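From a predicted model like this one, the values you see are computed outputs, not experimental measurements. We name chains A, B, ... by the order of the sequence lines, and we start the count at 1 in each one.
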Number of protein chains: 2
Amino acid sequence: MGNRHTSLKDLARELNVSISTVSRALRNHPDISPEMREKVKQLANLRKYSPNPLAMGLLKQETRMIGVIVPDLVTHFYASIISGIESLAKEKGYFILIASSNESAEKEKESIENLRKARVEGLLICLSQETTDTGHFENLLEQGIPLVFFDRVCLQGQIPTVTADNAEAAGKITRHFYEQGYRRIAFISGPEQLNISRERLAGYKAGLEACNLPVDPDLIERCNLSHDSARQAMSRLLKLPNPPDAVFGINDTVAFAVMKEIKEHGLRIPRDMGLVGFTDEFHATVVEPQLTSITHPTFEMGRKAAELFFDKIEKNAPPETIILQTKLVVRESSAKHSD
Amino acid sequence: MGNRHTSLKDLARELNVSISTVSRALRNHPDISPEMREKVKQLANLRKYSPNPLAMGLLKQETRMIGVIVPDLVTHFYASIISGIESLAKEKGYFILIASSNESAEKEKESIENLRKARVEGLLICLSQETTDTGHFENLLEQGIPLVFFDRVCLQGQIPTVTADNAEAAGKITRHFYEQGYRRIAFISGPEQLNISRERLAGYKAGLEACNLPVDPDLIERCNLSHDSARQAMSRLLKLPNPPDAVFGINDTVAFAVMKEIKEHGLRIPRDMGLVGFTDEFHATVVEPQLTSITHPTFEMGRKAAELFFDKIEKNAPPETIILQTKLVVRESSAKHSD
DNA sequence: TTCCGTTCCGCAAAGCTTTGCGCAAAGCTT
DNA sequence: AAGCTTTGCGCAAAGCTTTGCGGAACGGAA
């Protein structure tokens, strides 16, 4: 193979000194004479020595790996969050192990176990859509495993979390619709157990109230966040005797699916139907009409989540709840008055 | 902390037997009596014992980790490939460590070093756009580190690779344009050092020839695969005295950027300008008009790349070159005759 | 010359697992 | 009853690193 890395032992043998001497020389221990130190360092460079992280891990009882679990890997939203996590992890000399739950509570549990078996030092998790039982998280807590939730969270107060200001954002959207002249504003939400569903729904209702609009249960739809399910939800809205004139979707996927359904139904956006989504920068500008949306600070969300993790393991900081502010970026899909 | 995992030693102490007995009992070694085996297994279950991968790695000289380097993390294309890699890795009990080169040759090198330091057993790489020097890859080869390239490759023959059939795909696109009645077909390519640029360019030219169209150098543009650079390339094409009536972009990002530029220029797709991209399923249907495109089998590409890696480490298979067939999916953006 | 203090380095343990070998006790044969 | 095999388990090494402690050699001082 030749595949073997050079070890301290190799260097020691070649220099005819003991392993401890080599180790100390490389770490600038004062017990080692300057000449010896230089000799060792030179050879180490030549042989491209780098300490074996397995041995170090065993010794120090740390793996410098953290586990990240997201509902899926292929959505830009999560990819971007992961990117943020990775940026801080890299600075700290940590690697991240990524697993996807595929929105399944079962797979989420499985991934947690796998990552634990791999000896990650902590877990950063975005809940799967299905997750209702929080027992496995409480288990982790009891075992003292650092845990951070982002975007979709639970057990707030006990566990550090970072989310967007969902209620405020949903309120912004509703008021924006109102200002643009829309009066029957619908909301396509997600599963009730998700905090993002609940918070955005609450913000939506608060927004309606602020505008003196009634809350019409007919205008509140649910879907399971899949493309098809979102289209069906929109389809139901369109079949209403008194259909909405504006709708906002709870996330990227939903917004795009809704857009398609509206178009196929022969309605024009924004003239016949206003549309606003929750998404990150990238996708919103690709579609036509460009999507007015709440832009998530995804990269920052990831980075903050990582920060919370390191705060925990470095300073044993108490669980903090970070709420990131969002921006309503007005584009074409809600500009009723501009066309 | 309590954060410690139970070890064989813990089990051994609790059962008043030796560590080796515990180890053998768990591995069903015949030397151990059935009663002892059961007793050990029960306690192991109770204490949730799982072997320490660091210790195992040290012993067996394997980490069960593989490194993956992609040009970026946030593009659906790579995310989907990674998803494919992960699916096989998971089956084989391997974890993947993901790094992004950000299209920089420097960062690519850096990532390789980092992953090597982390003791990955092999590397699956999609070249950065900048990479011209292949020295560091040859180094890996000499050291006997399993290496697989996907999508953007080099050193073919020496290293296992999996790519799309780029030339054939580009030919298909060109002929499709011709059949739709387009006659001045432009191609926006990427950096010359990338095989995907060269192969698609070759296929483009061959396609023109097959249709008895001349190869006009004016119609061949290059960009650095960024959004802005692609738009500028398209802008140059539009300013030509004799501009194209169809264009195909070398990848997702380019295709979308081109689409925007065309629209902002006041041209209609597909009537005034045909457009075809190289992309995966997801994005093509989100934009309007829906994008005719060569769909990459991204997930499969990732999975195949992982297969080649395991072939190498399990059977020491010689470097294979896998070429995946693509599909031309005709949608709206090139349907000149249907509107 | 003897003793003490530096200076510089090696031994060994710990962290966890697997496995070849050795060893004791029990069971069997003659 | 003596000698053999089998059964069931423990010792120790190897894989790699760090670090407390012990120790040799050498210098200087008395």
Side-chain angles (χ1 to χ4, degrees), chain A residues 1-41 43-45 47-65 93 116-121, chain B residues 1-41 43-45 47-65 93 116-121:
Chain A
M1 264 292 186
N3 192 342
R4 244 189 74 259
H5 286 262
T6 56
S7 67
L8 286 184
K9 192 197 281 191
D10 297 330
L11 300 179
R13 187 166 27 213
E14 195 162 346
L15 290 170
N16 256 319
V17 295
S18 78
I19 294 176
S20 10
T21 300
V22 178
S23 173
R24 277 191 262 255
L26 292 176
R27 308 210 154 269
N28 299 318
H29 192 287
D31 267 12
I32 304 297
S33 66
E35 307 88 54
M36 176 63 85
R37 202 198 312 139
E38 277 321 300
K39 230 172 45 173
V40 170
K41 284 192 173 177
L43 187 68
N45 260 331
R47 296 274 175 273
K48 293 192 196 304
Y49 169 78
S50 79
N52 186 320
L54 285 86
M56 293 287 268
L58 214 48
L59 190 68
K60 298 259 180 69
Q61 294 290 60
E62 60 177 32
T63 55
R64 300 187 89 70
M65 295 194 305
R116 280 301 292 156
K117 281 185 188 163
R119 294 328 196 240
V120 293
E121 291 181 31
Chain B
M1 265 290 188
N3 192 343
R4 244 189 75 258
H5 287 263
T6 57
S7 67
L8 287 184
K9 191 196 280 191
D10 298 330
L11 299 179
R13 189 169 22 215
E14 193 161 348
L15 289 171
N16 255 318
V17 294
S18 77
I19 294 175
S20 11
T21 299
V22 178
S23 172
R24 277 191 262 256
L26 292 175
R27 309 212 153 270
N28 298 318
H29 192 288
D31 266 12
I32 305 298
S33 67
E35 308 86 57
M36 177 63 84
R37 201 199 309 140
E38 278 320 300
K39 228 171 48 174
V40 170
K41 285 191 173 179
L43 187 66
N45 260 331
R47 297 273 176 273
K48 293 192 197 303
Y49 169 78
S50 80
N52 186 318
L54 287 88
M56 292 288 266
L58 214 49
L59 192 68
K60 298 260 180 70
Q61 294 288 62
E62 58 175 38
T63 54
R64 300 187 91 72
M65 295 194 304
R116 280 301 292 156
K117 281 185 188 163
R119 294 330 195 239
V120 293
E121 290 181 33

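Rounding to whole angstrom units, CG of residue A/Leu26 and P of C/dC9 are separated by 13 Å. Between B/Leu58 atom CG and D/dA13 atom C1' there is a gap of 13 Å when expressed in whole angstrom units. In this structure, B/Leu54 places its CG atom 14 Å from P of C/dG15, rounding to the nearest Å. Atom CZ in B/Arg27 sits about 16 Å away from atom P in C/dC16, given to the nearest Å. Protein atom CZ of A/Arg64 is 15 Å distant from nucleotide atom C1' of D/dT17, rounded to whole Å. Rounded to an integer number of Å, the gap from CZ of B/Arg119 to C1' of D/dT17 is 11 Å. The NZ atom of A/Lys117 sits 14 Å away from the P atom of C/dT17 (whole-angstrom rounding). In this structure, NE2 of B/His29 is placed 15 Å from C1' of D/dT6, rounded to the nearest angstrom.
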Writing each nucleotide of DNA chain C 5' to 3' as (, ), [, ], | or . by Watson-Crick or G-U pairing under 3.5 Å yields ||||||||||||||||||||||||||||||
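The phosphate of D/dG15 (OP1 or OP2) has a side-chain N or O of A/Lys9 nearer than 4.0 angstrom. Within the 4.0 Å cut-off from OP1 or OP2 of D/dA14, not a single side-chain nitrogen or oxygen of B/Gln61 is found.
Nearest heavy atoms, A/Pro53 versus B/Leu54: O-CD2, 4.1 Å. When all heavy atoms of B/Met56 and B/Pro51 are compared, the pair lying nearest together is CG-CB, 4.4 Å. Smallest separation of non-hydrogen atoms from A/Arg37 and A/Ile32: N-CG2, 3.9 Å.
Rounding to the nearest 0.5 angstrom, the gap separating the NZ atom in B/Lys117 from the NE2 atom in A/His5 is 11.0 Å. Between the CG atom in B/Asn52 and the OG1 atom in B/Thr6 there is a gap of 10.5 Å [rounded to 0.5 Å].
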Do A/Asn28 and A/Lys41 pass the side chain to side chain contact (heavy atoms under 4.5 Å, CB included) test, and can you show the C-alpha distance, the side-chain angles, and the key distance before you say yes or no?
CA-CA 10 Å; A/Asn28 299 318; A/Lys41 284 192 173 177; 2.7 Å; yes
Going through the distances and angles, do A/Leu43 and A/Tyr49 end up as a side chain to side chain contact (heavy atoms under 4.5 Å, CB included)?
CA-CA 8 Å; A/Leu43 187 68; A/Tyr49 169 78; over 6 Å; no
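A side-chain N or O of B/Arg119 and one of A/Ser50 form a donor-acceptor pair less than 3.5 Å apart.
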How does protein contact run along nucleotides 7-12 of chain D, one letter per nucleotide 5' to 3', with B for base contact, S for sugar-phosphate only, - for none, heavy atoms under 4.0 Å?
-BBBBB
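Applying the salt bridge (Lys or Arg N to Asp or Glu O under 4.0 Å) definition to pairs two or more places apart or across chains, those involving residues 12-21 of chain B are B/Asp10-B/Arg13, B/Glu14-B/Arg47.
With distances taken from any side-chain atom of B/Asn52 to the nucleotides D/dT17, C/dT18, C/dC16, the minimum falls on C/dC16. If you check D/dA14, D/dT18, D/dC16 against the side chain of B/Leu59, the one that comes closest is D/dA14.
Within the nucleic acid shown, A/Ser23 comes within 4.0 Å of at least one base atom, counting heavy atoms only.
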